[in-house]
Amino acid sequence: MKIFTCIKQVPGVSEVKIDPKTNTLVRKGIPSITNPMDNNATELALSIKEKHGGEVIALSMGPPQAEEVLRQALAMGADEAYLLTDRAFAGADTLATSHTLGLAIKKILKDSGDEKKYLVICGTQAIDGDTAQVGPELAEELGLPQITYVQKCELKGDKIITERVFRSEETVIIESKLPALISVLKEVNDPRFPTMTGIVNAHEEMEVKYLNANDLKAGKENIGLTGSKTEVFKIFIPEKKGKHVVLEGSVEEMVQQLCNNLKEDKLL
Amino acid sequence: MDFSLTEKQKMIRRVTREFAEKHIAPIAEESDQQSRLDPQVMEEMKKMGYFGTCIPKEYGGAGLHEDTISFCIITEEIGRIDASWSITTGVHASVCAYPIYKFGTEEQKQKFLIPLAKGEKLGVFALTEANAGSDAGGVETNAYLDGDEWVLNGSKIFATNGGIAETLLVVTKTGQKGKRKELTVFIVDTNTPGYSVGVREDKLGVRASNTSELVFQDVRIPKENVLGSVGSGFRIGLQILDYGRILMAAQCVGLGQAALEASIKYANERVQFGRPIGSFQGVQWKIADMGVAVECARLLTYQAAWMCDNGLEYGTMGSMAKLKASEAAMQATHDAVQIHGGYGLMKAYAVERYFRDAKMAEIYEGTSEIQRMVIAQKLLRRGY
Ligand SMILES: Cc1cc2nc3c(=O)[nH]c(=O)nc-3n(C[C@H](O)[C@H](O)[C@H](O)COP(=O)(O)OP(=O)(O)OC[C@H]3O[C@@H](n4cnc5c(N)ncnc54)[C@H](O)[C@@H]3O)c2cc1C
Ligand SMILES: Cc1cc2nc3c(=O)[nH]c(=O)nc-3n(C[C@H](O)[C@H](O)[C@H](O)COP(=O)(O)OP(=O)(O)OC[C@H]3O[C@@H](n4cnc5c(N)ncnc54)[C@H](O)[C@@H]3O)c2cc1C
């Protein structure tokens, strides 16, 4: 059984800075890391493999330096890694990203004799783009059932049994037959550290395979900027506007005052 | 000339830093006070491969035997969090496991090296005795051949990992050639009858690290346990220490780095006279000197490691690195305590521990005086 993990390289900061002139992310001087939840995805894939066998395949779409996050997945124990890189992939929105990832998964499955039983694991969301759309869209691309926001997961026979966070406080148990796609939260596990041997192997004995638009037979109209249905007009950090008012007095007085203020501002 | 680390080395640094911050940092202070290496951390460190860093994979190691820079980075990053751990893994791997790899027979590697590299057994290099410290020629622990076995008698002191190890390299007097003693290194399994652990030292620094006395009373060692050859102990011993010194330098780089980082943080946060103390020139100069000292130490250490990896004679550079790094760590931790003022003396701040740990480094694996002596002799002979 093939277990795919999708890994995104992101800037290693909790607050992204935006260059006001170019409207792009400031990347200079900021180290790149594996999107944290994607380490959870890899950990889950590895633990399933250790229990049930299979093959863990790490995928990332990004510029050549994203090879680093794939080496990390290999160092953790992934069997194979593919970097989808091509100038034509640049500027992809979530739709184009998931289309490209989907093509790669289909190609890898096809090349290995069309395995029917497989699992795709994504992080729930990336700390930079933060849309949480790639997992679900990728499931659509592949025609797979999807379970998102997974915080517990277990494989039983050809079924995946998950605990999904629902409306942030409740949880629901969802089962799905394989093939399926799940996207995981950081609560799902505690990712292992790559061992020293793992790091040495990942750099000296294993390779990250590159796939470009040609390899994937990707149509220009579906990838990169041209394949993106959304377009970023402007990115900005909202300015703090308005004043901060502290109301005082009894509850009745404060409520009265609040209503007056809201009416004055034509909000009520 | 290219000073950049490889991608592999960068990942090793990042992962080891994260590992040490996650697993070692939270209990470092407690370990120091209780003079105890946490068994759970020990297990995690074994899994990570830190006990077999410099041993090839076919002998159970991580395969960094030709990448001493990576070994330095690991030791530095562990030393940055807790020098008790970096001396434990550093000594084990560099002066016990590595010499068996370097000088041992295939049978010795199969029997002793593999469990050491996997961390299943801990290792010791025992040279120092009550009357043989800086002067290794003073070794009195002796062995004589009786049939197919060597019979060992004597005692060693200050052996790192002594009380918790199962495999020892013991430097022993096996004869006399004119005025010179003939020394031999034996591999000793601690389960051999006649062997016992004496006092465990209670120390100023690296308190969690186990430093113990080892006692040998008619300990019978099979002939096959001679490392190298009979009488090669002096030569092998010096080579073992040359290699080990690079790693001791590396742990001092980590210790100095820790002192520097703590000082920068504190200097930016602590406000006196209405300003962060880092804005005062008196504090700034200390920070600058610390930064310079730590970088010098790092460069010398990596250079010695690089020379080692490239088959060059690295002994003197290793001594220079060990001398500079231990003194840089001493200076940096001293100034770090000063910058922290009264808080610097309190257990609540890690600089108090760094300061005590740094002092040890100027003494073990050759005191600063001995390093200067060795370096000077070399320079005077070489003439530049
Ligand atoms: C500042 C900024 C603005 C953006 N604005 C838009 C926008 O307006 N419209 C829009 O559609 N997109 C936008 N994006 C998203 C962008 O194009 C994405 O970076 C990309 O498509 C992935 O989306 P995401 O980061 O939201 O990932 P998410 O959907 O949050 O990621 C979920 C999971 O999908 C997987 N994944 C995501 N990306 C990759 C990848 N490249 N390779 C492998 N696995 C991956 C990972 O497992 C990840 O954990 C923006 C991104 C940024 C940084
Ligand atoms: C924490 C710790 C761990 C240790 N681990 C080990 C270990 O694993 N294995 C092991 O074998 N040993 C170990 N040692 C021992 C250590 O290597 C010795 O303590 C060290 O070599 C110094 O020897 P000494 O203590 O006998 O001091 P001495 O040799 O008695 O030195 C006393 C002083 O005289 C100075 N001195 C001596 N000779 C000269 C000279 N010719 N010129 C100028 N000054 C001189 C010294 O520099 C020192 O200042 C450890 C020590 C410590 C503290």
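Here is how names work: the chains are called A, B, and so on, in the same order as the sequence lines, proteins then strands, and each is numbered from 1. Worth saying up front: this structure is predicted, and the values here are computed from it rather than measured.
There is no contact between A:Ala202 and chain B, counting heavy-atom distances below 4.5 Å.
To the nearest 0.5 Å, atoms CE (A:Met196) and CD1 (B:Ile74) are separated by 5.0 Å.
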With 3.5 angstrom as the limit, list the donor-acceptor pairs from chain A to chain B, or say none if there aren't any.
residue	atom	partner	partner atom	Å
A:Gln72	OE1	B:Arg14	NH1	2.9
A:Gln72	OE1	B:Arg14	NH2	3.0
A:Asp190	OD1	B:Lys22	NZ	3.1
A:Asp190	OD2	B:Lys22	NZ	3.1
A:Met196	N	B:Met48	O	2.9
A:Asn201	OD1	B:Lys57	NZ	2.6
A:Glu204	OE2	B:Lys8	NZ	2.8
A:Glu205	OE2	B:Lys57	NZ	2.8

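Crowding of A:Tyr149 atom OH: a count of heavy atoms from other residues, nucleotides or ligands under 6.0 Å not exceeding 12.
In terms of heavy atoms, A:Pro194 sits closest to B:Met48 at O-CE, 3.2 Å.
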